[in-house]
Number of protein chains: 2
Amino acid sequence: MESLDITEVARRAGVPASTLRFYEEKGLIASIGRRGLHRLFGAGVLERLALIALGRAAGFSLDDIARMFSPDGQPSIDRQMLTAKADELDRTIRQLSAMRDGLRHAAVCPAPSHMECPTFRRILQAAASGALGPRRKTRVRSP
Amino acid sequence: MESLDITEVARRAGVPASTLRFYEEKGLIASIGRRGLHRLFGAGVLERLALIALGRAAGFSLDDIARMFSPDGQPSIDRQMLTAKADELDRTIRQLSAMRDGLRHAAVCPAPSHMECPTFRRILQAAASGALGPRRKTRVRSP
DNA sequence: GTGCAACTTGAAGTCAACTTGAAGTCAACC
DNA sequence: GGTTGACTTCAAGTTGACTTCAAGTTGCAC
């Protein structure tokens, strides 16, 4: 059976080795053994890491993702959860679209100050009322 | 001149007083004076807080936002920055849309296991390649 | 056998945006 | 003038997903 060392997995999956150790500690991935102290991973870990990346991209937390794997290691993903997350994404997308349109307008608005632009003030109103939720920045993958 | 105490500002702006103190410490807002130890805010702080909420919703950090106010307190927002952020939002929206479609599909996909569904595997591929960036969860406003 | 890069561990640090806690002050009301 | 409760400050804690560090192995090439 093909086995990969941590550096190889890191290279192929595009994540740092430290992340792999962290994921293992969290129970998100498992090594198939050791050569001395050094971890050995099976090829399946790459698919597993892809699933994790997918979950992260969809906005699930690592804990959510951990719960999506049944104890036998097979992914067992609740379809309702997927729908719920899709709905959530829909809401987020609508908010972001409105925000993008507002920004685009503000960028070209001829009003001398943004405060004098009715469109800007309307968006401001929406933000103040909390209709637009605050967002967290997307984490940049380290280079 | 109308002045508001911290509780009144908190109530009207919908943020906890602790946040207002935090924002003041960061230089994002300013009080117009004190009554004894107690802060007094001018009415203008509400517009300012709306601007901050707007910036947060658009995905700017508090430091970014602080830089958008010139020393005299007037907002001075770089139009190029707005365009850049709009472009960024566009990219995010496209990613999220793809993700939402994928989730929606996976939720109704008749394949016995997700791993056997071609669509799911295609999305998985995209996630693994990093085409879909990881996302941070949207912060829920405290009750 | 020797060197050393690459691995190992566990603990601690980072980041952003706040929140919480302890201990103190004080304005307003009775 | 005494109580009370809302304010104050400053420090430390929280959260999630990692990264970094120090100190200790070790597999492998020579």
Rounded distance in Å - CG (A:L62) to P (D:dA17)
4 Å

Flag the pair A:R100 and B:D90 as a salt bridge only when some basic side-chain nitrogen lies within less than 4.0 angstrom of an acidic carboxylate oxygen.
yes

Pairs under 3.5 Å (Watson-Crick or G-U), crossing ones as [ ], inter-strand ones as |: DNA chain D comes out as ||||||||||||||||||||||||||||||

When rounded to whole Å, the CD to P distance for the pair A:E25 and C:dT8 reads 13 Å

Between C1' of C:dA17 and CD1 of B:I52, the distance in whole Å
13 Å

Write down the distance between CG (A:L20) and C1' (D:dC18), rounded to a whole number of angstrom.
12 Å

Should B:Y23 be listed as having a side-chain N or O under 4.0 Å from OP1 or OP2 of C:dC18?
yes

One thing to verify: whether B:E88 and B:K85 come together as a salt bridge, which I'm taking to mean a side-chain N less than 4.0 angstrom from a carboxylate O.
yes

Side-chain ion pair, B:R104 and A:D87, N-O less than 4.0 Å
yes

Rounded to the Å, how far apart are B:D5 CG and D:dA6 C1'?
9 Å

May I have the distance from B:R39 (atom CZ) to D:dA6 (atom P), rounded to whole angstrom?
17 Å

Rounded to whole Å, how long is the line connecting atom CZ of A:R21 with atom P of C:dA11?
16 Å

Taking A:D78 first and then A:R67, would you say they form a salt bridge - that is, a charged N and a carboxylate O separated by under 4.0 Å?
no

Quick one: is C:dA6 close enough that its OP1 or OP2 comes under 4.0 Å of any side-chain N or O from A:R11?
no

Minimum side-chain heavy-atom gap B:L49-B:Y23 below 4.5 Å
yes

Just checking A:T19: base, sugar-phosphate only, or nothing, at a heavy-atom cut-off of under 4.0 Å?
sugar-phosphate

Run the salt bridge (charged side-chain N to carboxylate O under 4.0 Å, His left out) test against A:D101 and tell me which residues pass, sequence neighbours left out.
none

So do the side chains of B:C117 and B:H105 get within less than 4.5 Å of each other, counting heavy atoms only?
yes

Shortest side-chain distance from A:R34, nucleotide among C:dT9, C:dT19, D:dT8
C:dT9

Length of the CD1-P vector between B:I29 and C:dC18, whole Å:
11 Å

NZ/NE/NH1/NH2 to OD/OE distance under 4.0 Å, B:R12 and B:E8:
yes

Can you tell me if A:S61 touches the phosphate of D:dG16, counting only side-chain N or O atoms and a distance under 4.0 Å to OP1 or OP2?
no

Summary of protein contacts for nucleotides 24-30 of chain C, nucleotide by nucleotide, where a base hit scores B, a sugar-phosphate-only hit scores S (4.0 Å, heavy atoms):
---SS--

Using the side chain to side chain contact (heavy atoms under 4.5 Å, CB included) rule, take B:R21 and B:K26 through it: C-alpha gap first, then chi angles, then the decisive distance, then the call.
CA-CA 9 Å; B:R21 280 189 283 266; B:K26 276 223 130 191; over 6 Å; no

